[in-house]
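One structure below.
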Amino acid sequence: MQKRSLGLLAGALCLAVAAVAAPDKPEFGTWGVDLSSLDHSVKPGDDFFQFVNGNWLKNTPIPADRTGIGGFEELQILSEQRMKTIVADLHAKPYDQLSPDEKKLRDLYDAFLDQKQIEADGLKPVQHDLDEIAGLKTLDDVARVMASTRMGIASIFEIGISFDQKNSNAYAVNLSQGGLGLPDRDYYLNDDAALATTRDAYKKYIAQMLTIAGADNADARAQAVFDAEKAIAQAQWSVAQNRDVNAVYNPTKVSDLHALAPEFPWDAFLKETGIPLTGPKGERIVVVAQKSAFPNIAHVFATTPVSVWRDYLAVHYLRAHRSYLPQRVDSTVFAFYGPALSGQKQQLDRATRGVYLLDSTLGEALGRLYVAKYFTPAAKAKAEALVANLLKAYDADLHTLTWMSAETRQKALDKLHKFTPHIGYPDKWRDYSALAIDRHNLIGDVQAGRLFEWNREVKRLDDPVDKNEWGMTPPTINAYYDTSLNEIVFPAAILQAPFFDPAADDAVNYGGIGAVIGHEISHGFDDQGAEYDGDGTMQNWWTDGDKKAFTDRTTALTGQYDAFEVLPGVHVIGKNTLGENIADLAGATIALKAYHISLDGKPAPVLDGYTGDQRFFLSFAQIWRSKYQPNMMRLLAMSDVHSPDRFRANGVTRNLDAWYAAFDVKPTDKNYLPPEKRVRLW
């Protein structure tokens, strides 16, 4: 299942209406944009992101417990506060008056907050697992532990269950590359000096974790673990290669895995997962992603001593359970993944981390309470109306495209008309009755949560697809498009200012949430979405000529983004971010058209001297306002499929003719593009 989220760091985009009655005035300024954030010393045509957000950037510090701050993160903080309020409400009620799900939420949270007990227990709750890892004797044993859902350890081959990309009515078992402790293969392979420093810090971290696990000669053993991960990285596909949806769809019989990658013990690995190796149609088919990488990764596995894999598994096991173990474990992991890797100076407070545990383990039980408290039917209706308006604008636009043939246009319209929007929360909530939570067994609860979710997916593997299931919980600050279901999903928490504000000017809402909605819809028609039809089945529906015309335009977009410099010597990788750049450009283009349609032929009012189009673009740049620690900027540039926020604003606006007219952008301005160089997709 391809979920194409709006994305960002801890979350993505937002669309929400106020939880209660519509406010009398906007959250930002007098009509929805924070004009005090504008930096008038910067020309709009030189750096529109800086022009709109410059004063905010100067005056807004990054909180010590965050890697960055901005519209997304501010809403993330709000969502955290709301989840903590829900937990406080649960504690305010007598325990015997709570529902079964409410008791599970409260018990799990209390177990997580009981640091005194966690410190007293030490490593005892995980000692059995650590002893099992230390006792592994064969590569079969190693593969079995790598596949253990309960242990939750990193595996060189990741296994999951999702929709069959060529049959959206069926589930499929998916196998893909995995196994790295650093964010991306390039962290191991790139010669950049900053990354060399990161690698040194990572090896030191591995040694520290091995010492905690009781190992001697930790430095040498850490080097061996690092060398194994580096060898895996060398065998892996790149981010750009993984964007080819056809290349990563390779249906393979289970028995044929032995021929594909004979040096990996597939029998031991698959047995541990509990997945039936036969189904209604006979032998189980699994979908292999990075097919050419599998033999090489398997070779790394087979030629690495079991002793190294024992150390590798111990380190990754402790990291997976760090939040549930004594402070010395938790702090050691954070010291690397926080300050050293991402620049985060201090951890989130324990209470905030606790509500994230609830969201990940009992997300829909928590989400049900969130919706009841913070998301009204009126908010849902307003968001649904906005989505409907954007779908109408796409429909109108498709009829006018000069580069698209009539044949492809009709199929595009057919797909558009089959789009399914989901707003706020699912129609049916998940049943957690099979998940037992013990207030006095935190590690057991976490592992039970993993098994509950995995067993739920395995049990329905051969059933028809549940097309009403959500891939995000209501408190999530994000949105996504799912190719297999041809649906766009907007959780409740994402529907708030600055992205959507019921008291704001229409131009502001179209420039904010309108662009977000347009972004998600456009994923159905970008370079990957074009490979899926209206029923979510992977089959190309473009003519060769239309695909070439589209590719020619998007190739130019790749070149534009390659030129953006994130840090000295670090550039956006245009081929990695292409799909999201297409969605950003298409979303803004269609949102502006939808705004103009909403005017119904009447001139837009001028507010505080700003025209309707100016307010639209100010809002669009405002939703991307953010700042990040340098290490996090580097991480995003290297491994994220989204461009850094500055370039999501500047990269889009420079391709829109209306922006030039709205802000009188001249050829002498730094971000000016000649008309013939502007990419026009929609």
For Asn468 and His422: C-alpha separation, side-chain torsions, deciding distance, then whether side chain to side chain donor-acceptor pair (under 3.5 Å) applies. CA-CA 9 Å; Asn468 292 313; His422 294 290; 5.1 Å; no
Do Glu520 and His523 touch side chain to side chain, with heavy atoms closer than 4.5 Å? yes
Quick check: does any side chain N or O of Gln290 sit under 3.5 Å from a backbone N or O of Ser176, one acting as donor and the other as acceptor? no
So, for Glu263 and Pro295, which heavy atoms are closest and what is the spacing to 0.1 Å? OE1-O, 4.5 Å
Determine the interplanar angle of the Phe419 and Tyr481 rings, folded into 0 to 90°, and report it as parallel if under 30°, tilted if 30 to 60°, perpendicular if over 60°. parallel
Would you call Asp552 and Lys548 a salt bridge, using N to O less than 4.0 angstrom? yes
Could Asp466 and Lys428 be called an ion pair, given the rule that one side-chain N must be under 4.0 Å from one carboxylate O? no
Under 3.5 Å, is there a donor-acceptor pair linking the side chains of Asp219 and Gln223? no
At their closest point, which heavy atom of Tyr187 faces which heavy atom of Leu635, and how far apart are they? OH-CA, 3.0 Å
For the side chain of Thr483 and the backbone of Gly529, is there at least one donor-acceptor N/O pair under 3.5 Å apart? no
Is there a donor-acceptor pair closer than 3.5 Å between any side-chain N or O of Tyr312 and the backbone N or O of Gly179? yes
Counting only heavy atoms not in Asp544 (residues, nucleotides, ligands), do more than 12 fall under 6.0 Å from its CG? no
Kindly say whether Ala549 contributes a backbone atom to a donor-acceptor pair with the side chain of Arg553 at under 3.5 angstrom? yes
What are the two closest heavy atoms between Gly534 and Lys415, and how far apart are they? CA-CG, 3.7 Å
Heavy atoms, side chains only, cut-off 4.5 Å: are Asp562 and His571 in contact? no
Would you mind reporting whether Val239 and Asp184 have side-chain heavy atoms less than 4.5 Å apart? yes
Are Asp546 and Lys411 ion-paired here, with the side-chain N under 4.0 Å from a carboxylate O? no
Quick check: does any side chain N or O of Trp266 sit under 3.5 Å from a backbone N or O of Leu257, one acting as donor and the other as acceptor? yes
For Asp216, is there an ion pair with Arg221 - N to carboxylate O distance below 4.0 angstrom? yes
Decide, yes or no, whether a salt bridge links Arg150 with Glu272 under the criterion of side-chain N to carboxylate O below 4.0 Å. no
Any idea how Phe157 and Phe264 line up, ring-wise: parallel (<30°), tilted (30 to 60°), or perpendicular (>60°)? perpendicular
Distance-only, no hydrogens or angles: does the Tyr188 side chain make a donor-acceptor pair with backbone N or O of Leu182 under 3.5 Å? yes
Between Tyr205 and Arg319, is the side-chain contact (heavy atoms from CB on, under 4.5 Å) condition met? List the steps. CA-CA 11 Å; Tyr205 153 78; Arg319 178 189 171 194; 3.6 Å; yes
Checking Gln234, His316, Arg185 against Glu229 for side-chain hydrogen bond (donor to acceptor under 3.5 Å, both in side chains), the one that qualifies is His316
Report the relative orientation of the aromatic rings in His519 and His642; use parallel for angles under 30°, tilted for 30 to 60°, perpendicular for over 60°. parallel
Side chain Asp431, main chain Ser433, donor-acceptor under 3.5 Å: yes
Between Glu453 and Arg430 (salt bridge meaning N to carboxylate O under 4.0 Å), is one present in this structure? yes
May I ask you to check whether Asp200 and Thr197 show a side-chain donor-acceptor distance below 3.5 Å? no
Answer yes or no: are there more than 12 heavy-atom neighbours, outside Lys467 itself, under 6.0 Å from its atom NZ? yes
Is there side-chain contact between Thr273 and Trp454, with at least one heavy-atom pair below 4.5 Å? yes
Is there a donor-acceptor pair under 3.5 Å between the side chain of Asn250 and the backbone N or O of Val287? no
Please say whether more than 12 non-hydrogen atoms of neighbouring residues, nucleotides or ligands are located less than 6.0 Å from NZ in Lys547. yes
Which of Leu442, Val126, Val333 passes side-chain contact (heavy atoms from CB on, under 4.5 Å) with Leu325? It is Val126
If you count the non-hydrogen atoms of other residues, nucleotides and ligands that lie under 6.0 Å from NZ in Lys203, is the total more than 12? yes
